[in-house]
Amino acid sequence: MSAHIIGTGAFVPEQVVTNIDLQRLVDTNDEWIVSRTGIRERRIAEPGQSCSMLGVEAAKRALEDAKVAATDVTHVLVATFSPDAYIPSTAYILREKLGIPRGMAMDVSAACTGFLFALETARAFVALHPEAVVLVVGSEVVSSRLNWEDRGTCVLFGDGAGAVVVTGKPSHGSAEVMDVLLDGDGSLSDLLVVRGGGSATPMKLGQAVAEDFFVQMQGREIFKHAVRSMAAICQRILEKNGLTSSDIDLVVPHQANIRIIESLAGRLDLPMDKVFVNIEKYGNTSAASIPLALAEAREKALIPPGSKVMLTAFGGGLNWAAALLQY
Ligand code: UT7
């Protein structure tokens, strides 16, 4: 049973934080951030604007695009590392807010690669249950887990959400999910962590949060692994499907750093006009990055019927993934 993306949607909070704004918080500057990352500004949620709140708005847009009523959704998956709470899952909170009356809901934890892990899970649900209507959301309030005194991380990330609807039946303008490959290496897990508050590093009542409550990473090391692993998994998925990069009309990569994206394009021998980039506006929105970019690429009519689109991501775990879509 093939799985099809029949709708996409995205939502970002209103508040724009520019590089100049960040100069007032940490020892950084616009020139450094733009030249090293490609980021000019990012959206940051208002206090109290949670992961489910962003996700609901993206999901409503995806459902509208798919012409599917919330009441018809059978499965909800939310990829995030910044959930509303430990319990309940953000997927159940989002389900309630959307008025989805039945079916399962769960969060998927794979950091920036989470959306592709959730997409593959949706494909499995559709294979098992041909009538399934799966809502797949990537939503992040990364700002809630950023140390605003650490210039090595706080300038890189942003908040946002993207969503897709996956079913067994194609519709006008839909994309068949041809293939998804997921991979990772736990021996590299120390390169990107949010440890504090987990059961291995529990917090005590009244204790103030420490640096380990926030995203901590070794950026330069991650950079190298990101380029290598995404290029390798893209080559693998192309070969597995009897394709080469010249068959791809558009790559929608995880938006972490423009230099990572350009190196990836170079390794795949793809011109940058075949690579979708919106990092300058949103920064790295983790699990939201790919569905947000995919929705924007569709909105800009960059994906006409007949297009082959390749998605690829990497993130904390470390893990990495690629997917092929046939529009
Ligand atoms: O979704 C996965 C999430 N993780 C990532 O995507 C991270 C991937 N890595 C990267 O994007 C890049 O490695 C960074 C953007 C994080 C850093 O760029 P870089 O070219 O690897 O810089 P660097 O870490 O080698 O640092 C170069 C210099 C250092 O100063 P010194 O030691 O040369 O004096 C840093 O202290 O830049 C300094 N620096 C900054 N300067 C101004 C680090 N952050 C900043 C900053 N503003 N925000």
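Computed from a predicted structure; not experimentally measured. Residues take their numbers from the sequence shown, with the count starting at 1.
- Residue-environment remark: CD (Gln207) exceeds the threshold of 12 foreign heavy atoms within 6.0 Å.
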Please test Phe223 against Ile260 for side-chain contact (heavy atoms from CB on, under 4.5 Å), starting from the C-alpha separation and ending with a verdict. CA-CA 7 Å; Phe223 191 111; Ile260 293 177; 3.5 Å; yes
Stepwise salt bridge (Lys or Arg N to Asp or Glu O under 4.0 Å) check, Lys274 with Asp269: CA-CA 10 Å; Lys274 282 193 168 188; Asp269 209 12; over 6 Å; no
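- For the pair Thr167 and Val126, the minimum side-chain heavy-atom distance is 4.5 Å or more.
- With respect to Lys67 and Glu64, no salt bridge is recorded, no charged nitrogen being found less than 4.0 Å from a carboxylate O.
- Between the Asp150 side chain and the Gly152 main chain, a donor and an acceptor come within less than 3.5 Å of each other.
- Using modelled atom types, one finds a donor on one side chain and an acceptor on the other under 3.5 Å when comparing Asn319 with Thr113.
- A cation-pi arrangement is found for Arg145 relative to Phe213, the charged atom lying closer than 6.0 Å to the ring centre and inside a 45° cone about the ring normal.
- Between Val166 and Leu119, some side-chain heavy-atom pair lies under the 4.5 Å cut-off.
- Using a 4.5 Å cut-off between side-chain heavy atoms of Ile, Leu, Val, Met, Phe, Trp and Tyr, with links allowed through other members, Val136 and Phe125 fall into the same hydrophobic cluster.
- No donor-acceptor pair closer than 3.5 Å links the side chain of Ser171 to the backbone N or O of Ser174.
- With a 4.5 Å cut-off on side-chain heavy atoms, Val34 and Asn19 count as touching.
- In summary, the side chains of Asp84 and Ser52 do present a donor paired with an acceptor at a separation below 3.5 Å, with no hydrogens or angles considered.
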Only pairs under 3.5 Å count here: list side-chain donor-acceptor contacts from residues 229-237, not counting sequence neighbours, and write none if there are none.
unit_1: Ser229; atom_1: OG; unit_2: His225; atom_2: O; d: 2.6
unit_1: Ser229; atom_1: OG; unit_2: Ala226; atom_2: O; d: 3.4
unit_1: Arg236; atom_1: NH1; unit_2: Asp183; atom_2: OD2; d: 3.0

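- With rounding to the nearest 0.5 angstrom, the CG atom of Leu324 is 6.0 Å from the CG atom of Leu238.
- With Arg43 contributing its side chain and Pro13 its backbone, the two residues share a donor-acceptor pair below 3.5 Å.
- Leu98 forms part of a hydrophobic cluster together with Ile6, Val56, Leu63, Val68, Val73, Val76, Val78, Leu94, Ile100, Val133, Leu135, Val137, Val165, judged by ILVMFWY side-chain heavy-atom separations under 4.5 Å.
- Here the CG-CD distance, from Asp27 to Glu149, works out to 13.0 Å after rounding to the nearest 0.5 Å.
- Applying the 6.0 Å contact sphere to CZ of Arg259 captures more than 12 heavy atoms from other residues, nucleotides or ligands.
- In Gln15, the CD atom is crowded: over 12 heavy atoms of neighbouring residues, nucleotides or ligands sit closer than 6.0 Å.
- For the pair Glu140 (side chain) and Ser286 (backbone), a donor-acceptor distance under 3.5 Å is absent.
- Between the side chains of Ser2 and His4, a donor-acceptor pair is found at a separation under 3.5 Å.
- The backbone N or O of Ile44 sits nowhere less than 3.5 Å from a side-chain atom of Ser143 that would complete a donor-acceptor pair.
- Taken to the nearest 0.5 Å, the CG atom of Leu302 stands 9.0 Å off from the OG atom of Ser307.
- Put simply, the side chain of Pro291 reaches to within 4.5 Å of the side chain of Phe115, judged on heavy atoms.
- Using a 3.5 Å distance cut-off with no hydrogens or angles, the side chains of Arg195 and Thr201 do not pair a donor with an acceptor.
- Closest of all the heavy-atom pairs between Cys51 and Ser139 is O-OG, 2.7 Å.
- In this structure, CG in Asp190 is found 14.5 Å from CE in Met217, a value given to the nearest 0.5 Å.
- A donor-acceptor contact shorter than 3.5 Å links the side chain of Arg42 to the backbone of Val17.
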May I have the step-by-step check of salt bridge (Lys or Arg N to Asp or Glu O under 4.0 Å) for Lys97 and Glu57, ending in yes or no? CA-CA 10 Å; Lys97 287 181 176 169; Glu57 296 307 320; over 6 Å; no
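- For Val108 against Gly114, the heavy-atom pair with the smallest separation is CG1-O, 4.0 Å.
- Val141 has its side chain out of reach of Gln49: every pair of non-hydrogen atoms, C-beta onward, lies at least 4.5 Å apart.
- Side chain of Arg95 to backbone of His75: no donor-acceptor contact under 3.5 angstrom is found.
- Within the 3.5 Å criterion, the main-chain N or O of Val142 finds a donor-acceptor partner in the side chain of Asp159.
- At least one side-chain heavy atom of Lys240 sits under 4.5 Å from a side-chain heavy atom of Leu181.
- Salt-bridge check for Glu296 with Lys300: passed, with a basic side-chain N closer than 4.0 Å to an acidic carboxylate O.
- Contact check for Leu318 versus Phe314: no side-chain heavy atoms found under the 4.5 Å cut-off.
- Between Asp65 and Arg298, at least one side-chain nitrogen of the basic residue sits less than 4.0 Å from a carboxylate oxygen of the acidic one, meeting the salt-bridge criterion.
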Evaluate side-chain contact (heavy atoms from CB on, under 4.5 Å) for Lys308 paired with Tyr327, printing each intermediate quantity in order. CA-CA 6 Å; Lys308 275 194 180 58; Tyr327 274 87; over 6 Å; no
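- Looking only at atom types and distance, the side chain of Thr18 has no donor-acceptor partner in the side chain of Glu41 under 3.5 Å away.
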Verdict with reasoning, Cys112 to Asn284, per side-chain contact (heavy atoms from CB on, under 4.5 Å): CA-CA 9 Å; Cys112 302; Asn284 180 347; 4.1 Å; yes
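- Under the 4.5 Å side-chain criterion, counting only non-hydrogen atoms from C-beta, Met106 is in contact with Thr121.
- Rounding to the nearest 0.5 angstrom, the gap separating the CD atom in Glu280 from the CD1 atom in Ile258 is 7.5 Å.
- Of the charged side-chain nitrogens involved, none lies within less than 4.0 Å of a carboxylate oxygen, so that Arg36 and Glu31 do not count as a salt-bridged pair.
- Of the listed residues (Thr285, Leu292, Ile261), just one forms a side chain to side chain contact (heavy atoms under 4.5 Å, CB included) with Gln255, and that residue is Ile261.
- Note that OG1 of Thr37 and CG of Asn257 are 6.0 Å apart. Values are rounded to the nearest 0.5 Å.
- Atom CD1 of Ile87 sits in a sparse spot, with 12 or fewer heavy atoms from other residues, nucleotides or ligands closer than 6.0 Å.
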Please determine whether side-chain contact (heavy atoms from CB on, under 4.5 Å) holds for the pair Phe214 and Val194, giving the CA-CA distance in whole Å, both sets of side-chain angles, and the decisive distance to 0.1 Å. CA-CA 5 Å; Phe214 304 103; Val194 185; 6.0 Å; no
